[in-house]
Every structure is written in structure tokens, then in C-alpha cells.
Chemist: 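After the C-alpha cells below, expect a handful of questions from me.
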Amino acid sequence: MFTGFTPETVDFLWGIRMNNNRDWFLQHKKQYTDTLYEPMKALGQAVFQPFLEKPGNILKVSRIYRDARLHHPDPYKESLWICIRRDMEWWAENPCLFFEITPDGVSYGFSLWHPKTAAMEAFRARITAKPEEFLEMLHGVQSAVGMEVTAQCYKRPKPAPIPELQPYFGWKADLGLIVHEDVGEPIFGPELGQRVGAFLEKLIPLYDYFNLITLG
């Protein structure tokens, strides 16, 4: 059960930002496990409940350790995250629902960071063929959460077949519908889990739609 993060969670993250070395980490490993890693796993299990009946989805919980193959000068990450996605080789090419905590606060929502060019071509083809399907889904999700999807756009987007689709023909990469909350009392305690879970569940139609696109 997710009982929440605490100020000690953020203290650890600030500590690793300022002291990114093995000696400091080993001295604070219990703080990492008790206040960050175990609560993150519990949050992941809680928000993954709506996906238990949706085959093909997996839950990933990150670790604080950097991949040694990246040859990064710092051995530890400054954040921890959970991610709901399909079991694909590179997550960034596919849609995901995520939660992340950093020394500065938390972020959660939908992301399609680096889709293949072919996927965005397929996206434009699908919304051209079925514009009502896409617009109804998008407007429903955006109305439910009170936010709009953002995206990196082409400088010179291709013309859309109907005016209503023109804003979306420009989408290129870094699609997101993301909430950011600064460090403060609201990010501590179990209510955060309820808030994150409710928000991510409202994004399922968007997540499912782009899985249809990227999976072909």
C-alpha cells in the first residue's frame, strides 16, 4: 500500500544531487530504500491496477543506479520514476504513462517522446481517414483533465485535409500531457497516489490511441 513520500525522500534526492558518489550513497542507502524506492514500488502497484485486465502492458520501476555502459561521470540518478508501457525495446519511441520524483518536485502524465517518423506518418494517415474518432478521443481526454496535449511541431507542417486537423498535422515529437507539482506539503502522504492514479486513468484513451499507431 502506498503511504506516501516524505520530506526525507526529498532530502535524499537533494543529497544525491550534491554528493553523487558511492561513499555517500552507501551511508544513506537505507534512507533511499525506505523513503524512495519502496514507496515508489507501492505507488506503481497502485496506479497499475486499471491495467491488470489490459494485456500487453507492463510496469517499470526505475532504480537509482545509472547504467555503467553509458559511461556517465555520476554513478547515481537524481530522480526515480515508474512507467506503464508496452514491452518494447526502446520506451521513448512508444507512448507511456509515468510518474517521476526529483529534488524539485513530481511530474506525471502521458508522454510520447521520440516517435519514429513512420509512426507520425501513420498518425496523420489515421486522423485523415477517421477524423471524428481522433477529435472525439482528444477532446474527451483534454476536457476530463482540464489540460491540452503539447508537442514539438514541424516548422513547416504538411497541410491538413480539413481545418480542424491542422494543429495536429504539425506534431513531430515530445507529445505530452503532464502535471508538474513543486516540492511542498501536497506531494507528501497517500493523497498523492490517489491524485496520480485518477489522472493517469483519465489518460488511458490517449495512451491506447497512440499504442494503436506505434504498434501498427
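Here the structure is a predicted model, which means the values were calculated and not measured. Both backbone and side-chain heavy atoms feed into the values below; hydrogens, waters and symmetry mates do not.
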Chemist: Just distance, no hydrogens or angles: give the donor-acceptor pairs under 3.5 Å from side chains in residues 114-143, sequence neighbours left out.
Modeler:
residue: Arg126; atom: NE; partner: Glu133; partner atom: OE1; Å: 3.1
residue: Arg126; atom: NH2; partner: Glu133; partner atom: OE2; Å: 3.0
residue: Thr128; atom: OG1; partner: Arg124; partner atom: O; Å: 2.7
residue: His139; atom: ND1; partner: Leu135; partner atom: O; Å: 3.2
residue: Gln142; atom: OE1; partner: Val149; partner atom: N; Å: 2.9

Chemist: Quick one: does any side-chain atom of Gln166 pair with a main-chain N or O of Lys158 as donor and acceptor, under 3.5 Å?
Modeler: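 Side chain of Gln166 to backbone of Lys158, a donor-acceptor pair under 3.5 Å: yes, one is there.
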Chemist: I would like to know whether Tyr32 and Phe12 meet ring pair (Phe, Tyr, Trp, His ring centres under 6.0 Å); could you show each step before the answer?
Modeler: CA-CA 7 Å; Tyr32 158 68; Phe12 171 83; 5.6 Å; yes
Chemist: Count the heavy atoms of every other residue, nucleotide or ligand shown that sit under 6.0 Å from CD of Glu8, and state whether that count exceeds 12.
Modeler: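 Count over threshold, so yes.
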Chemist: Quick check for you: to the nearest 0.5 Å, what is the distance between Phe98 atom CZ and Cys83 atom SG?
Modeler: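 If I round to the nearest 0.5 Å, the distance is 8.5 Å.
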Chemist: Kindly compute the distance separating CZ (Phe110) from CE (Met147), expressed to the nearest 0.5 Å.
Modeler: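 If we round to the nearest 0.5 Å, Phe110:CZ and Met147:CE are 12.5 Å apart.
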Chemist: Can you tell me if Trp113 uses its side chain to pair, donor with acceptor, with the backbone of Ala92 under 3.5 Å?
Modeler: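 Absent.
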Chemist: Do Met1 and Leu59 land in one hydrophobic cluster if side-chain heavy atoms of ILVMFWY residues count as linked below 4.5 Å?
Modeler: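 Different hydrophobic clusters.
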Chemist: If every non-hydrogen atom of Leu13 is compared with every non-hydrogen atom of Ile16, which pair is closest and at what distance?
Modeler: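 So the minimum-distance heavy-atom pair works out to O-CG2, 3.2 Å.
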Chemist: Please tell me if the side chains of Pro39 and Leu43 come closer than 4.5 Å, counting only heavy atoms from C-beta onward.
Modeler: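 In short, these two side chains do not touch, never coming nearer than 4.5 Å.
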Chemist: Does the Arg195 side chain pair with the main chain of Pro186, one donor and one acceptor, at a distance under 3.5 Å?
Modeler: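 Yes; at least one donor-acceptor contact below 3.5 Å.
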Chemist: Under a 3.5 Å cutoff, is there a donor and acceptor pairing between the side chains of Tyr76 and Asn21?
Modeler: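 There is no such pair (donor and acceptor under 3.5 Å, judged by atom type) between the side chains of Tyr76 and Asn21.
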Chemist: Please check: side-chain N/O of Asn57 versus main-chain N/O of Lys54, any donor-acceptor pairing under 3.5 Å?
Modeler: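 Side chain of Asn57 to backbone of Lys54: a pair is present.
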Chemist: Within the 4.5 Å heavy-atom criterion, are Ile178 and His180 side-chain neighbours or not?
Modeler: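 Yes, at least one pair of side-chain atoms sits under 4.5 Å.
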Chemist: Nearest 0.5 angstrom please: Ile187 CD1 to Asp182 CG, how far?
Modeler: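 So the CD1 of Ile187 and the CG of Asp182 are separated by 8.5 Å.
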Chemist: Could you tell me if the side chain of Ile58 sits less than 4.5 Å from the side chain of Ile84, heavy atoms only?
Modeler: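 With C-beta onward as the side chain, the pair stays apart.
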Chemist: Indicate the ring-plane relationship of Phe5 and Phe99, choosing parallel, tilted or perpendicular according to the 30° and 60° boundaries.
Modeler: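 Rings of Phe5 and Phe99: parallel, under 30°.
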Chemist: Decide whether Glu100 and Ser79 meet the rule of one side-chain donor and one side-chain acceptor closer than 3.5 Å.
Modeler: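 Indeed, the side chains of Glu100 and Ser79 share at least one donor-acceptor pair under 3.5 Å.
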Chemist: Distance from Arg66 atom CZ to Glu78 atom CD, nearest 0.5 Å?
Modeler: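 If I round to the nearest 0.5 Å, the distance is 7.0 Å.
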Chemist: Report the C-alpha separation of Leu177 and Phe199 in whole Å, then their side-chain angles, then the decisive distance to 0.1 Å, and conclude whether the side-chain contact (heavy atoms from CB on, under 4.5 Å) test is met.
Modeler: CA-CA 10 Å; Leu177 209 169; Phe199 188 79; 3.8 Å; yes
Chemist: Working to the nearest 0.5 angstrom, can you tell me the gap between Tyr65 OH and Lys77 NZ?
Modeler: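 Here the rounded value is 11.0 Å.
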Chemist: Under the side-chain contact (heavy atoms from CB on, under 4.5 Å) rule, what do Glu181 and Val179 come out as? Steps first, then yes or no, please.
Modeler: CA-CA 7 Å; Glu181 298 185 27; Val179 169; 4.0 Å; yes
Chemist: With a cut-off of 6.0 Å (strictly less than), are more than 12 heavy atoms of other residues, nucleotides or ligands near CD of Gln49?
Modeler: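 Counting neighbours around CD of Gln49, more than 12 heavy atoms of other residues, nucleotides or ligands fall under 6.0 Å, so yes.
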Chemist: Taking C-beta and beyond as the side chain, do Leu215 and Met88 meet within less than 4.5 Å on heavy atoms?
Modeler: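 Side chain of Leu215 against side chain of Met88, heavy atoms only: contact under 4.5 Å found.
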Chemist: When hydrophobic residues are tied together by side-chain contacts of less than 4.5 Å, even through go-betweens, does Trp81 share a cluster with Leu200?
Modeler: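 The answer is no; the residues belong to distinct hydrophobic clusters.
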Chemist: Salt bridge (charged side-chain N to carboxylate O under 4.0 Å, His left out): which pairs involve residues 38-49, sequence neighbours left out?
Modeler: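 Found Glu38-Lys41.
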Chemist: Evaluate the side-chain proximity of Leu97 to Phe51: yes if any heavy-atom separation is below 4.5 Å, no if none is.
Modeler: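 The answer is yes; the side chains approach within 4.5 Å.
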Chemist: I need the Ser62 OG to Ile101 CD1 distance, nearest 0.5 Å.
Modeler: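 One finds 11.0 Å between OG of Ser62 and CD1 of Ile101.
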Chemist: Classify the ring geometry between His28 and Trp24 as parallel (under 30°), tilted (30 to 60°) or perpendicular (over 60°).
Modeler: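 Because their plane-to-plane angle is under 30°, the rings of His28 and Trp24 count as parallel.
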